[in-house]
There are 2 protein chains.
Amino acid sequence: MTDYERLSQRLKLMAHPERLRMLDILRRSPECVCHLEALMDRPQPYISQQVRLLHRAGVLRSEKRGQNTFYRVADPEMLAWLDQVLGPVPEEEREIHHLLPDCVCPKCQREEVRLYA
Amino acid sequence: MTDYERLSQRLKLMAHPERLRMLDILRRSPECVCHLEALMDRPQPYISQQVRLLHRAGVLRSEKRGQNTFYRVADPEMLAWLDQVLGPVPEEEREIHHLLPDCVCPKCQREEVRLYA
DNA sequence: ACTCTATATGCAATTTATTGAATGTACGAT
DNA sequence: ATCGTACATTCAATAAATTGCATATAGAGT
């Protein structure tokens, strides 16, 4: 496999509107599948599929917290690319969880977290 | 069209091994189709097709010199992305035409150019 | 053990991208 | 006018990506 092949395979992960948006969310703070589902307004299997693609490629890291699985962008190369393509994440937007009225995920249900919104 | 859609469409242009390689060549110096053909070892219609894709999207600019059409990467956004993904082009590798023994393009036939190889 | 919840997986239908190959065109040289 | 060169276009075959939907699983709570 040439360098160009390796790079283009990873670029393909970004070169998709829904995945790009998902990456833009997950580079800010870890989110669970059900939160992504509410945020992106897509059926859960759809979210899981895209997450899987990114996870298999080593772009996302997963972390179980109770019932939920939280994903975050954990790949430095991808993070650098995202910074270049989307612009860097402003300091004040980091680690902020976007609360959603119709989201059932634990972060959206806890009052303490609501303070950051 | 959302931002994510616009960006992913342009990212798709890079997310292809042959086009990425072509872009890597054309960000260094302008080259004609027949030279790309020799460099990349692909049939001429194949080269023309990929060139067209990139040209239509505004990534490449074309310039006629005699019989030949030279293409170069003219889009600042794409150039920045290429720098991020492939690393910047070293100063000493800029504007250098890679001479090929089996290439019939004018640059490869002129002795003066040979000095830079 | 049953149930509920969060998430994962499998599969088929469709769409889109990729590639090869034939053919077309424009233009300079003879 | 015809020929050759450089490049462009078109089309069809194939491969790959995308998406929707049905279903599976694993673990927590009852």
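By convention in this document, chain letters (A, B, ...) are assigned in the order of the sequence lines, proteins followed by strands, and residues within each chain are numbered from 1.
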Quick one: do [X] and [Y] make a salt bridge, cutoff under 4.0 Å?
{"X": "B:Arg65", "Y": "B:Glu63", "answer": "yes"}
{"X": "B:Arg28", "Y": "B:Glu95", "answer": "no"}
{"X": "A:Arg42", "Y": "A:Glu18", "answer": "yes"}

### Task
With a 4.0 Å heavy-atom cut-off, tell me which residues in residues 15-30 of chain B come close to DNA chain C, sorted by residue number.
B:His16, B:Arg19
### Query
Base, sugar-phosphate, or nothing: which does B:Phe70 touch, judged by heavy atoms less than 4.0 Å apart?
nothing
### Message
Taking A:Lys12's backbone N and O only, do any of them form a donor-acceptor pair with A:Arg19's side chain (distance below 3.5 Å, no angle check)?
### Response
yes
### Message
Looking at B:Arg10 and B:Arg6, would you say the former's side chain and the latter's main chain have a donor-acceptor pair under 3.5 Å?
### Response
no
Report the distance from atom [atom1] of [X] to atom [atom2] of [N], rounded to the nearest whole Å.
{"X": "B:Leu53", "N": "D:dT10", "atom1": "CG", "atom2": "C1'", "result": "15 Å"}
{"X": "A:Leu60", "N": "C:dA8", "atom1": "CG", "atom2": "C1'", "result": "15 Å"}
{"X": "B:Lys12", "N": "D:dA16", "atom1": "NZ", "atom2": "P", "result": "17 Å"}
{"X": "A:Glu37", "N": "C:dT5", "atom1": "CD", "atom2": "C1'", "result": "12 Å"}
{"X": "A:Glu63", "N": "C:dT7", "atom1": "CD", "atom2": "C1'", "result": "16 Å"}
{"X": "A:Met40", "N": "D:dT18", "atom1": "CE", "atom2": "C1'", "result": "14 Å"}
{"X": "B:Asp41", "N": "C:dT19", "atom1": "CG", "atom2": "C1'", "result": "15 Å"}
{"X": "B:Leu54", "N": "C:dA17", "atom1": "CG", "atom2": "P", "result": "14 Å"}

Enumerate the protein-to-nucleotides 25-29 of chain D contacts in which both atoms are nitrogen or oxygen and the separation is below 3.5 Å.
unit_1	atom_1	unit_2	atom_2	d
D:dA28	O4'	A:Gln67	OE1	3.2

## Note on the structure
Contacts satisfying ring-ring contact (aromatic ring centres under 6.0 Å, His included) that involve residues 38-73 of chain B (not counting sequence neighbours) are B:His55-B:Tyr71
### Task
For the residue pair A:His35 and A:Leu39, establish whether any side-chain heavy-atom pair is separated by less than 4.5 Å.
yes
### Query
Looking at side-chain heavy atoms only, is the closest gap between A:Val33 and A:Asn68 below 4.5 Å?
no
#### Entry: Nearest-neighbour nucleotide for the A:Tyr71 side chain, C:dT7, D:dA6, C:dA8 considered
C:dA8
### Shortest side-chain distance from A:Arg42, nucleotide among C:dT7, C:dA17, D:dT19
D:dT19
### Heavy-atom pair of closest approach, residues B:Leu7 and A:Leu20
CB-CD2, 3.8 Å
#### Entry: Counterpart residues, side chain to side chain contact (heavy atoms under 4.5 Å, CB included), relative to A:Gln67 (two or more places apart)
none
Expected list for residues 81-92 of chain B: side-chain donor-acceptor pairs under 3.5 angstrom, two or more places apart:
unit_1	atom_1	unit_2	atom_2	d
B:Asp83	OD1	B:Arg27	NH1	3.2
B:Glu91	OE1	B:Arg94	NH1	3.1

### Task
Check each residue of residues 44-52 of chain B for a non-hydrogen atom within less than 4.0 Å of any atom in DNA chain D, then write out the ones that pass by number, or none.
B:Gln44, B:Pro45, B:Ser48, B:Gln49, B:Arg52
